[in-house]
Amino acid sequence: MERSAVSARIRLTHPICPSRHFPSLQSPFLFPSSHSLSLKLSQNHVPLTSLNLLEAPSPLHPSATLSDSYSETVDLADIEWDNLGFGLQPTDYMYIMKCARGGTFSKGELQRFGNIELNPSAGILNYGQGLFEGLKAYRKQDGNILLFRPEENGLRMQVGAERMCMPSPTVEQFVEAVKDTVLANKRWVPPPGKGSLYIRPLLMGSGPVLGLAPSPEYTFLIYVSPVGNYFKEGLAPINLIVENELHRATPGGTGGVKTIGNYAAVLKAQSEAKAKGYSDVLYLDCVHKRYLEEVSSCNIFVVKGNLISTPAIKGTILPGITRKSIIDVARSQGFQVEERFVSVDELLDADEVFCTGTAVVVSPVGSITYLGKRVSYGNGIGVVSQQLYTVLTRLQMGLSADEMNWTVELR
């Protein structure tokens, strides 16, 4: 995909309207600030640019301005940027687009962030017919915003939708919807170095269906939230325990696509592990119970000398976009990278281990516990983990030249 720049002053792809099904625009849930809403919105769809929401300071919350060395006129939401965790912070707008079964998506719109209405018989609620994606936006030192490989998320959603018998937005629709949503919520993009704007696209069967069948209607929705580190440790070694009884995915199942059901399946083992003081769980294959698969929401890498190994994508492992990017970055840095079956014995004999994912980017592993045996890796962040993390995050944040042509800049 060609690298693109989008001006905040151009008309957005889709109109914006207040939802008739959501709470009042003065709802304290939507607008916790005591400031009243000075923009008058009708029930008709109003182009976002006519509201000047992307050009003027927002009246909904006080603004915060960074130092002059960063920008003279950057308006930010009034929150504690230094204390961001990885949790939901309600923002201003979300994006919604619908289509009927057998149809195509069109005429999406931005709406005020808030609750959505679903029929109790919706396919997503009864049969779990749904997918989600995750990507981030970063603010540069000049105030512009960078997206990282959004077309890859659009492509992955299309693959998952085909497996789940769902229609999907085109990659172009997906990327444009992400751009619109980020620009509409641009004051929630953290200052440089303070975090990122997490972007969560959802695709779900929203129409009513009683018998087991594909939903008659589908909704594509995007919401965003400013976030800090996923693990409380931040960029610090995490401690994993290997699970050899419960399994995340099975051959022929849906482990290779980002369906919602994959994640509920890991909650039991993850909760038990965290109660024992571990950061997360590493899963093995369900056939041999000796080959690495992935952590609950991250891919895993094993370092031995100059060789970096990671489990091959074979239908039970999610093809992570950060995983894919780290493989290319590692090769560009002179490492040999292999995608293959990686045994638990190799894990225990590794020089270094790290995880990758959109939320964590790169997370070094400090220890692995397997069948009661604990193996530690060094006394801090591994050299390889640090090197790859630095190269990738500098690219994502616009601090180094994007020779990979991976970023999309929004102005």
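Computed from a predicted structure; not experimentally measured. Quick note: numbers below take in every heavy atom, side chains included, and nothing from hydrogens, waters or symmetry partners.
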Can you confirm if the aromatic rings of Phe113 and Tyr93 lie within a centre distance of less than 6.0 Å?
no
Passes side-chain hydrogen bond (donor to acceptor under 3.5 Å, both in side chains), Gln89 versus Ser225? Steps please.
CA-CA 5 Å; Gln89 166 67 59; Ser225 177; over 6 Å; no
Asp280 and Ser296: side-chain hydrogen bond (donor to acceptor under 3.5 Å, both in side chains), yes or no, with the steps?
CA-CA 7 Å; Asp280 214 326; Ser296 301; 2.6 Å; yes
Could you check whether any side-chain heavy atom of Tyr291 comes within less than 4.5 Å of a side-chain heavy atom of Arg340, counting everything from C-beta outward?
no
Answer whether the closest heavy-atom distance between the side chains of Leu76 and Arg139 falls below 4.5 Å.
yes
Tell me yes or no: between the side chains of Arg374 and Ser367, is some donor less than 3.5 Å from an acceptor?
yes
For Arg156 and Pro319, indicate whether the former's side chain and the latter's backbone hold a donor-acceptor pair under 3.5 Å.
yes
Do Leu388 and Ile308 come within less than 4.5 Å of each other through their side chains, counting heavy atoms only?
yes
Below 4.5 Å, heavy atoms only, C-beta onward: do Phe341 and His288 meet side chain to side chain?
no
Do you see a donor-acceptor pair shorter than 3.5 Å between the side chains of Arg163 and Thr254?
no
With Glu151, which of Ile321, Val175, Val178 fulfils side-chain contact (heavy atoms from CB on, under 4.5 Å)?
Val175
Is it the case that Tyr377 and Glu352 place a side-chain donor and acceptor less than 3.5 Å from each other?
no
Flag the pair Lys179 and Glu409 as a salt bridge only when some basic side-chain nitrogen lies within less than 4.0 angstrom of an acidic carboxylate oxygen.
no
Using only atom types and a distance under 3.5 Å, with no angle test, would you say the side chain of Ser343 pairs donor to acceptor with the backbone of Glu346?
yes
For the residue pair Thr407 / Asp402, report whether a side-chain donor-acceptor contact shorter than 3.5 Å exists.
yes
Using the ring of each side chain (for Trp, its six-membered ring), is Trp406 parallel, tilted or perpendicular to Phe148, with breaks at 30° and 60°?
perpendicular
Residues at least two apart in sequence or cross-chain that pass side-chain hydrogen bond (donor to acceptor under 3.5 Å, both in side chains) with Arg101, listed by chain then number, are none
Determine whether Leu221 and Tyr95 make a side-chain contact, defined as any pair of heavy atoms from C-beta on separated by less than 4.5 Å.
no
Do NZ/NE/NH1/NH2 and the carboxylate oxygens of Arg112 and Asp92 come within less than 4.0 Å?
no
Less than 4.0 angstrom from a charged side-chain N to a carboxylate O is my criterion; do Glu272 and Lys276 meet it?
no
Find out whether Asn262 and Arg248 are in side-chain contact, i.e. whether some heavy atom of one side chain is under 4.5 Å from a heavy atom of the other.
yes
Do Val344 and Tyr370 come close enough that some side-chain heavy atom pair is under 4.5 Å?
yes
With a 4.0 Å cut-off, would you call Asp75 and Arg187 a salt bridge?
no
Within-4.5 Å side-chain heavy-atom neighbours: Asn144 and Arg411:
yes
If the threshold is 4.0 Å, N to carboxylate O, is there a salt bridge linking Glu338 and Lys304?
no
Please determine whether a side-chain nitrogen of the Lys or Arg among Glu152 and Lys324 lies less than 4.0 Å from a carboxylate oxygen of the Asp or Glu.
yes
